[in-house]
Enquirer: 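Just passing along the structure, written as structure tokens.
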There are 2 protein chains.
Amino acid sequence: MLKEERFQIILDQLGHEQKVYLGHLSTLLNVSEDTVRRDIKELADQGLLKSVRGGAVPHSPGPHHFRDRIKYDNDQKQIIAKKALQFLKDGQVVIFDGGTSAMLIAQMLPKDLKLTVITNSFPIVSILEEHEHVEVLFAGGRLLKDSFVTIGNDAIQFFKKFRADICLLGICSIHADLGVTGPDFEESEVKRTMIESSKEVIALATTEKLGTAEAYYVCRTERLSVIVTDKESDNEEFDIYRKLGISLV
Amino acid sequence: MLKEERFQIILDQLGHEQKVYLGHLSTLLNVSEDTVRRDIKELADQGLLKSVRGGAVPHSPGPHHFRDRIKYDNDQKQIIAKKALQFLKDGQVVIFDGGTSAMLIAQMLPKDLKLTVITNSFPIVSILEEHEHVEVLFAGGRLLKDSFVTIGNDAIQFFKKFRADICLLGICSIHADLGVTGPDFEESEVKRTMIESSKEVIALATTEKLGTAEAYYVCRTERLSVIVTDKESDNEEFDIYRKLGISLV
DNA sequence: TTTAATATTGCAAAATATTGCACAATACAT
DNA sequence: ATGTATTGTGCAATATTTTGCAATATTAAA
């Protein structure tokens with residue numbers, strides 16, 4: 001097997017997963033772990049991935065300090081992202097929220113999927129840049145430097161112009177009675193508009209966020225069409241949301 | 001068998017497969033591995049495939065990452081960027097155009113300079129992210145993937161909202177009579193609006209762009225306050241612009 | 001801390017590349 | 001045709017790269 005073939009396979013893996021393990025690759029490629037390590041090092045030097053202890057993670061071309069916020073060793077969001085992918089179909093218009101969950105979905109997006117993506121997140125743009133069949137519409141506004149999205153009235157007015165098929169909404173807190181809430185006023189304002197401009201809202205939430213609430217209101221729980229979590233959907237603690245007509249995945 | 005026949009067969013193989021092996025080709029073409037190696041080398045020189053140890057893989061054009069492209073243009077534009085810095089003062093509102101020249105200025109910007117930057121360029125945002133004292137206002141719109149800016153009506157309407165002190169304008173062509181012109185209609189539209197929204201326009205132009213013209217009109221030459229070039233300003237070919245009241249740097 | 005997992009380094013064997021060269025095939029001029 | 005230059009080919013000697021292994025160092029976790 002050519003070295004280039006191994007490179008290709010490793011990079012392919014990172015297109016789908018958010019991490020690859022030395023041991024796994026070693027058996028998959030039929031070479032020693034040392035060789036895999038050296039391959040990874042070489043790819044890392046080319047900036048095509050990031051070498052980490054025990055394996056490798058994708059090199060996100062986005063702003064550096066944003067990348068650090070992603071916890072790669074935490075599989076929860078990756079599970080969520082993978083589950084959420086099933087809802088995206090060719091030709092849809094999709095609003096991507098600025099959180100890390102939506103970002104992971106963008107990273108896993110098949111390269112041949114044809115979408116129109118509307119977003120206010122810079123990292124998402126830098127990921128989708130490589131997707132030939134994705135048209136990107138970006139919401140202007142004031143740059144919020146710590147989360148790398150635009151906010152403010154301009155962003156809000158931008159989203160109001162659309163009627164998207166789906167909104168992928170990263171969730172801070174969901175409470176059956178109190179609805180969806182977030183910790184930042186302006187971001188919550190923008191999220192509210194994203195939701196208003198979409199037919200269906202798919203909430204991306206790790207289970208520990210269920211049943212909690214924060215200061216700023218985003219939307220009623222019933223507005224969500226689907227809640228994608230990292231746990232099995234037959235969990236009994238989800239029943240309360242099912243009663244509201246929301247499907248859980 | 002003709003050498004050209006072998007070339008054709010090798011390239012055909014790479015059309016179907018993602019790789020070819022020396023050994024395989026050697027038996028297939030009935031020549032020694034050395035010859036195959038030489039064939040591959042020749043094809044690689046023509047850029048038709050990529051030679052790798054043990055065989056060859058299709059030549060991937062590779063996504064020309066916008067940020068990388070900067071390294072090539074450097075020499076002249078760096079001079080320009082350095083000269084242009086003198087015009088930026090604390091507290092100003094500055095529109096940054098999407099070209100590489102403006103990008104270099106952003107990269108050289110002192111970290112303690114206090115500015116409000118308005119732009120439609122993603123690379124500029126990712127540079128200025130690290131500048132604590134720079135507030136960034138970003139123009140939304142449709143993403144133009146090859147130059148990494150937003151364009152379209154949304155971008156135009158965004159710029160119309162401001163009255164900036166300075167517009168840093170990357171120039172495609174300047175002609176004393178025909179004015180400033182560019183090769184892309186939509187980008188030129190946006191540039192026009194940037195100019196309308198600024199008190200002063202500082203043009204960033206390598207000298208070979210002076211005296212040339214392209215298809216799409218941007219603005220009259222007299223609208224420029226300053227032209228920053230890579231040559232000494234006492235050059236006689238600049239006189240024609242001085243007569244129009246433009247300072248050359 | 002101790003312990004287990006992972007990384008790094010040096011090294012030798014195997015695979016592959018490069019080089020120089022002899023010779024064959026072809027082209028090209030006379 | 002004939003000789004000559006040019007190019008293409010295979011072979012062998014040599015150089016380089018790749019790879020796996022083992023010894024050692026480093027890191028993360030208990």
Enquirer: What about R53(B), does its side chain sit under 3.5 Å from the base of dA17(C) through a donor-acceptor pair?
Expert: no

Enquirer: Quick one: is dT9(D) close enough that its OP1 or OP2 comes under 4.0 Å of any side-chain N or O from R6(B)?
Expert: yes

Enquirer: Verify whether the ring centers belonging to F158(A) and F138(A) lie closer than 6.0 Å.
Expert: no

Enquirer: Check this for me, if you would: do K114(A) and D90(A) make a salt bridge, where the nitrogen-to-carboxylate-oxygen distance has to be below 4.0 angstrom?
Expert: no

Enquirer: Quick test of your reading of the model: are K82(A) and E17(A) salt-bridged, counting only N-O distances below 4.0 Å?
Expert: yes

Enquirer: Is E4(A) paired with R53(B) through a side-chain N to carboxylate O contact shorter than 4.0 Å?
Expert: no

Enquirer: For K19(A) and dT6(C), give me the distance from atom NZ to atom P, rounded to whole Å.
Expert: 13 Å

Enquirer: Quick check for you: among dA7(C), dA17(C), dG10(D), whose closest atom lies nearest to any side-chain atom of L22(B)?
Expert: dA17(C)

Enquirer: In whole angstroms, how far is the P atom of dG8(D) from the CG atom of L2(B)?
Expert: 11 Å

Enquirer: With a 4.0 Å cut-off on heavy atoms, is V36(B) in touch with a base, just the backbone sugar-phosphate, or nothing at all?
Expert: nothing

Enquirer: Measure from the side-chain heavy atoms of K3(A) and tell me the nearest of dG10(D), dG8(D), dT18(D).
Expert: dT18(D)

Enquirer: Return the value, rounded to whole Å, for the distance between atom CD1 of I40(B) and atom P of dT18(C).
Expert: 11 Å

Enquirer: Under a 4.5 Å cut-off applied to non-hydrogen side-chain atoms, are L109(B) and L115(B) in contact?
Expert: yes

Enquirer: Which whole-number value in Å describes the distance from D34(B) CG to dA24(C) P?
Expert: 18 Å

Enquirer: Quick check on DNA chain D: between E33(A) and E33(B), whose nearest nucleotide comes earlier from the 5' end?
Expert: E33(B)

Enquirer: dG20(D) base to R38(A) side chain: any donor-acceptor pair below 3.5 Å?
Expert: yes

Enquirer: Could you give the CZ-to-C1' distance, from R37(B) to dT17(D), as a whole number of Å?
Expert: 12 Å

Enquirer: To the nearest angstrom, how far is E5(B) atom CD from dA25(C) atom C1'?
Expert: 15 Å

Enquirer: Taking atom C1' of dT19(D) as reference, at what distance in whole Å does atom NZ of K41(A) sit?
Expert: 16 Å

Enquirer: Distance check needed: dG20(D) P versus M1(A) CE, whole Å only.
Expert: 12 Å

Enquirer: So, is T35(B) near the phosphate of dG10(D), with a side-chain N or O under 4.0 Å from OP1 or OP2?
Expert: yes

